[in-house]
Protein chains: 2
Amino acid sequence: MTYRIGELAQALDCSVDTLRFYEKQDLLKASGRSPNGYRFYNDNARRQLAFILRAKAVGFSLEEIRELLEIRIHPAANCCEDVKSIAQRKLELVNAKLQELEKIRRALDQIVDACVGGSLPATECSILEALELEALELETEEPEA
Amino acid sequence: MTYRIGELAQALDCSVDTLRFYEKQDLLKASGRSPNGYRFYNDNARRQLAFILRAKAVGFSLEEIRELLEIRIHPAANCCEDVKSIAQRKLELVNAKLQELEKIRRALDQIVDACVGGSLPATECSILEALELEALELETEEPEA
DNA sequence: GTAAACCTTGGAGTTTAATCTAAGGTCAAG
DNA sequence: CTTGACCTTAGATTAAACTCCAAGGTTTAC
Ligand SMILES: [Zn+2]
Ligand SMILES: [Zn+2]
Ligand SMILES: [Zn+2]
Ligand SMILES: [Zn+2]
């Protein structure tokens with residue numbers, strides 16, 4: 001498949017301005033130009049854009065995303081020094097984000113549950129209190145997994 | 001515990017300017033003022049700030065964080081209409097973020113693994129390719145869980 | 001052949017989230 | 001009783017990430 005800029009923007013729900021901006025920022029270059037000068041994009045570019053948008057949605061800056069995209073294993077070369085340590089640092093960052101999100105998810109879960117059945121004590125009412133409660137439960141209900 | 005603005009900022013690794021800015025944005029008010037006019041914060045405020053910083057780190061805007069903080073169950077009142085639907089929408093958002101992050105984590109995992117043992121085919125080299133590969137594996141290795 | 005709907009560039013403007021500056025008050029140490 | 005490290009306010013400035021605009025070229029549709 002190939003897309004013109006507007007088609008790709010529509011397909012992945014962003015603006016054409018954003019695509020031109022990402023090009024300037026060296027995040028996503030067009031796969032080529034048509035004879036008339038229009039940019040075109042292939043499925044590879046589409047996947048890259050999808051990745052950029054996902055990474056952005058979970059709190060990576062464009063600079064960090066650029067770093068993620070630069071992580072490449074080159075089987076012959078000396079990738080294990082540089083690439084692996086960068087990938088590992090990013091992996092730690094991602095794992096930390098996953099843990100924070102898990103906490104927020106469990107707190108929201110509790111709030112939604114409480115709104116249905118009233119299983120939370122009546123005095124607990126905010127997301128902060130749900131987080132506190134959850135922390136207590138993790139401490140007392142699972143003394144040692 | 002109570003903290004002056006500088007102490008709280010140092011404890012949670014942000015700037016005093018950020019704390020004053022969050023106050024203006026109605027995200028975090030000081031627990032009170034000392035006779036000399038200085039702000040002070042208690043552990044409750046500290047927890048709220050910790051939540052704000054965590055939520056920010058996983059890609060919530062300050063506006064979204066304000067909405068998260070406003071989610072409150074009031075056991076007597078009509079919370080199940082408004083609160084529950086807001087909490088559910090946020091929960092869906094959080095789950096979506098979790099899925100994106102999981103994908104990125106698995107791709108980074110594969111890259112780190114490949115850098116150690118060379119378990120990835122030598123032609124696979126970028127985070128995008130790791131994502132592709134992972135998608136294929138999920139399709140073929142688990143035809144029906 | 002001309003209007004509508006695309007696309008091009010360069011550059012200006014906006015929003016979000018801080019971050020900094022200026023002018024000054026508070027307080028403990030020496 | 002002054003120096004230094006805090007704190008106060010209001011307002012200006014910055015950086016990141018878009019978003020919009022002007023002036024114009026290209027394609028399809030009637
Ligand atoms: Zn309810
Ligand atoms: Zn309440
Ligand atoms: Zn390697
Ligand atoms: Zn390669």
Side-chain angles (χ1 to χ4, degrees), chain A residues 1-42 45-46 48-70 93 97 100, chain B residues 1-42 45-46 48-70 93 97 100:
Chain A
M1 263 300 280
T2 98
Y3 311 84
R4 284 189 314 189
I5 194 166
E7 292 167 335
L8 182 58
Q10 187 166 27
L12 298 215
D13 195 30
C14 67
S15 79
V16 298
D17 280 317
T18 299
L19 294 188
R20 293 199 199 97
F21 174 71
Y22 286 172
E23 188 171 280
K24 269 193 227 147
Q25 302 292 306
D26 284 320
L27 276 168
L28 180 72
K29 47 177 227 225
S31 310
R33 295 289 182 125
S34 303
N36 58 17
Y38 290 11
R39 291 168 180 82
F40 64 82
Y41 299 86
N42 59 23
R46 185 197 167 124
Q48 179 149 343
L49 177 58
F51 176 80
I52 293 168
L53 296 176
R54 286 166 176 190
K56 204 164 61 67
V58 295
F60 285 98
S61 68
L62 299 190
E63 173 59 30
E64 284 173 317
I65 294 170
R66 198 178 297 106
E67 286 166 22
L68 282 171
L69 288 169
E70 277 163 10
L93 185 60
K97 279 178 195 273
E100 303 302 348
Chain B
M1 264 298 282
T2 98
Y3 311 82
R4 282 190 315 189
I5 194 167
E7 292 167 334
L8 182 60
Q10 187 166 26
L12 298 216
D13 195 28
C14 67
S15 80
V16 298
D17 279 318
T18 299
L19 294 189
R20 293 199 200 97
F21 174 71
Y22 286 172
E23 188 171 279
K24 268 193 225 144
Q25 302 293 307
D26 285 321
L27 277 168
L28 180 71
K29 48 177 227 221
S31 310
R33 294 291 180 124
S34 304
N36 58 18
Y38 290 11
R39 290 168 181 82
F40 64 82
Y41 299 87
N42 59 23
R46 186 197 167 124
Q48 178 147 345
L49 177 58
F51 176 80
I52 293 167
L53 296 176
R54 287 165 175 193
K56 205 164 61 66
V58 294
F60 286 99
S61 69
L62 299 191
E63 173 59 30
E64 285 173 318
I65 294 170
R66 197 178 298 107
E67 286 167 22
L68 282 171
L69 287 169
E70 276 163 9
L93 184 60
K97 280 179 194 273
E100 304 302 348

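Numbered from 1 within each chain, the chains take letters A, B, ... in sequence-line order.
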inquiry  = In the structure I gave you, are the side-chain heavy atoms of B:K97 and A:K97 within less than 4.5 Å of one another anywhere?
reply    = no
key: Earlier contact from the 5' end, DNA chain C, for B:F21 and B:D17   = B:F21
ask   = Closer to the 5' end of DNA chain D via nearest nucleotide, is it B:Y38 or A:Y38?
value = B:Y38
message = Base, sugar-phosphate or nothing for A:F40? Non-hydrogen atoms, less than 4.0 Å.
response = nothing
key: Exercise: identify the closest heavy-atom pair between B:L27 and B:I65   = CD2-CG2, 4.1 Å
task = May I ask you to test the A:L69-A:L28 pair for a side-chain heavy-atom distance under 4.5 Å?
result = no
note = dist A:R39:CZ -> A:L19:CG (nearest 0.5 Å) comes out at 9.0 Å
Qualifying residue, where the test is side chain to side chain contact (heavy atoms under 4.5 Å, CB included) with B:L49 and the options are B:Y3, B:Y41, B:Y22 = B:Y22
note = Span of DNA chain C engaged by chain B, first through last nucleotide within the 4.0 Å heavy-atom cut-off, is C:dA17 to C:dC27
Distance (rounded to the nearest 0.5 Å) between A:L12 CG and A:F51 CZ = 14.0 Å
query = Among pairs that include at least one residue of residues 25-34 of chain B, which meet salt bridge (charged side-chain N to carboxylate O under 4.0 Å, His left out), considering only residues two or more places apart or in two chains?
reply = B:E23-B:R33
query = What residues, two or more places apart in sequence or in another chain, satisfy side chain to side chain donor-acceptor pair (under 3.5 Å) together with A:T2?
reply = none
Sub-4.5 Å side-chain heavy-atom contact between A:L93 and A:E64 = yes
request  = Identify, with sequence neighbours excluded, every residue that meets salt bridge (Lys or Arg N to Asp or Glu O under 4.0 Å) alongside A:R54.
outcome  = B:E100
message = Under 4.0 Å, counting only non-hydrogen atoms across every strand here, what does A:R20 touch: a base, just sugar-phosphate, or nothing?
response = base
key: Neighbours of DNA chain C within residues 2-12 of chain A, by heavy-atom distance under 4.0 Å   = A:R4, A:I5, A:G6
message = Let's see if you get this right: which residues in residues 53-61 of chain A place a heavy atom under 4.0 Å from DNA chain D?
response = A:K56, A:S61
task = Measure the NZ-OG1 distance between A:K56 and A:T18 for me, rounded to the nearest 0.5 Å.
result = 7.5 Å
task = Give the first and the last nucleotide of DNA chain D, reading 5' to 3', that has any atom under 4.0 Å from a heavy atom of chain A.
result = D:dA17 to D:dT27
key: Selection: residues 24-37 of chain B, any non-hydrogen atom under 4.0 Å of DNA chain C   = B:N36
Side chain to side chain donor-acceptor pair (under 3.5 Å) partners of B:E63, counting only residues at least two apart = B:R66
Qualifying residues under side chain to side chain donor-acceptor pair (under 3.5 Å), relative to B:S31, sequence neighbours excluded = B:N42
task = Scan for salt bridge (charged side-chain N to carboxylate O under 4.0 Å, His left out) pairs involving residues 2-13 of chain A, sequence neighbours excluded, and state none if there are none.
result = none
task = Could you list the residues that satisfy salt bridge (Lys or Arg N to Asp or Glu O under 4.0 Å) with A:E67, not counting sequence neighbours?
result = A:K90
